[in-house]
Amino acid sequence: MLTGTKLRAFRKSLLAWFRQFQRDLPWRRDRDAYRVWLSEIMLQQTRVAAVIPYYERFLEHFPTVSALAEAPTEEVLRFWSGLGYYSRARNLQRAAQQIVAKHAGEFPEDQENALALPGIGAYTAAAILSIAFDQGHAVLDGNVARVLARLFAIRGDLREPARWQRLQRSADELLERKAPGDWNQAMMELGATICTPRAPQCLLCPVAKHCAARKQGIQEEIPEKRKKRTPVSVTLAAAVFVNPQGDTVLLPPPRTGSEKVGADHVPTLVSKMWHFPTIAVTGDPRTELERHLKSECALDKKRSSSGMLSLVALGRVRHSVTYRQITICAFRIPVAKLPLLDGAKAVALNELASVPISNLTRKIGRAALA
DNA sequence: AATACGGGGGA
DNA sequence: TCCCCAGTATT
């Protein structure tokens, strides 16, 4: 707990540090709500360095809320392709449509309406309203939580709801109400650049003298490292058909709701984006994929039954989705004509980016080209 | 309350 | 290679 003179000194030091040393980031050029919103959504669970190129391309293509609202969803996903957490992009566009319909195209300036938008929770609402409109909402994200936990030497799992609530109250008390936007960014900037998860740079910290963890020499022990779920290995077999023109076949994202996801959960593992025909396998990938293609895709109907399919093994592709470690055995399958799979689309193998795909599909495509 | 969701940067 | 994420929605 910081009060009185010490609280004022803490605020002054951190704010001065931020104003002098903040990184020059694309979304800090102005405080336009749409830009702040877009950056905050992209930054959820995603590093600054990864976001920057996406942010600039996305903004160039969808310069306004209404441009985003009116665009085909496939187009929005294409510009998100590779960034991950694709529900963020779908929610972003739904929110844009909601803003056009209910708020005359302007991002709502009140917390209730902001929170009502898809993809916007407590953190993002506080971030946007404080940065764009200088409203007094304190943000609490992973960085701020870590800073506060060290500042007050709070042990234990920070994600425990009770502990998270306590951290939120601390953030609220510390908030510099004269400059909430800069203040929130300063707290996050400190966590991102100085008060890092490992090897915090206390010697460079503008508020080191206020830090309880540093006083006790336990800054490296906080926060308690989260218990990780035991990894599960999954093996997939993927079919990369290639016709003489260099086109391949991709399957569409699974339709949400109406259609039941296959028992093998393959659509989930390929991110609800366009993907190569893929199955989960337990035994020999080639055998199982061959059998699957013949039965499910009616490939043999028009061909001689001797199985003209030749599967050329490509290198194994590794990929991970949260706790799942996926190994994909990809096979290049030369064909005269691409098979007509249900809902499938023909795409040039060297231009997969013409449709929204995940990095898993991108990796397989690269392996097939090499 | 627990779980799902992608991917990459830095040690 | 492992660890840690600039969280939100769903069940």
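Order of the sequence lines fixes the chain letters, A, B, ..., with proteins taken first and strands second; residue numbering starts at 1 for each chain.
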Between which nucleotides of DNA chain C, read 5' to 3', does contact with chain A run, using atoms under 4.0 Å from its heavy atoms?
C:dC3 to C:dA9
If the cut-off is 4.0 Å, is A:H319 near the phosphate of B:dG7, judged by side-chain N/O to OP1 or OP2?
yes
So [X], base contact, sugar-phosphate only, or nothing? Heavy-atom distance under 4.0 Å.
| X | answer |
| --- | --- |
| A:L115 | nothing |
| A:I41 | nothing |
| A:T124 | sugar-phosphate |

Please tabulate, one pair per line, all N/O donor-acceptor pairs under 3.5 Å involving side-chain atoms of residues 194-213 of chain A, not counting sequence neighbours.
unit_1: A:T196; atom_1: OG1; unit_2: A:R198; atom_2: O; d: 2.9

What integer distance in Å separates [X]:[atom1] from [N]:[atom2]?
| X | N | atom1 | atom2 | result |
| --- | --- | --- | --- | --- |
| A:W164 | B:dA1 | CH2 | P | 15 Å |
| A:R362 | B:dG7 | CZ | P | 8 Å |
| A:I364 | B:dG7 | CD1 | P | 11 Å |

Contiguous Watson-Crick or G-U pair runs (3 or more, under 3.5 Å) in DNA chain B
B:1-5 with C:7-11, B:7-11 with C:1-5
Between A:M1 and A:L140, is there a shared hydrophobic cluster once you connect ILVMFWY residues whose side-chain heavy atoms come closer than 4.5 Å?
no
Could I get the full list of ring-ring contact (aromatic ring centres under 6.0 Å, His included) partners for A:F79, not counting sequence neighbours?
A:H61, A:F62
ring-ring contact (aromatic ring centres under 6.0 Å, His included) against A:W183, all qualifying residues, sequence neighbours excluded:
A:F10
By the definition side-chain hydrogen bond (donor to acceptor under 3.5 Å, both in side chains), identify the one residue from A:T248, A:N243, A:D247 that meets it with A:Q245.
A:N243
Which pairs, protein N/O on one side and nucleotides 8-11 of chain B N/O on the other, fall under 3.5 Å?
unit_1: B:dG8; atom_1: OP1; unit_2: A:N359; atom_2: ND2; d: 2.8
unit_1: B:dG8; atom_1: OP2; unit_2: A:N359; atom_2: ND2; d: 3.3

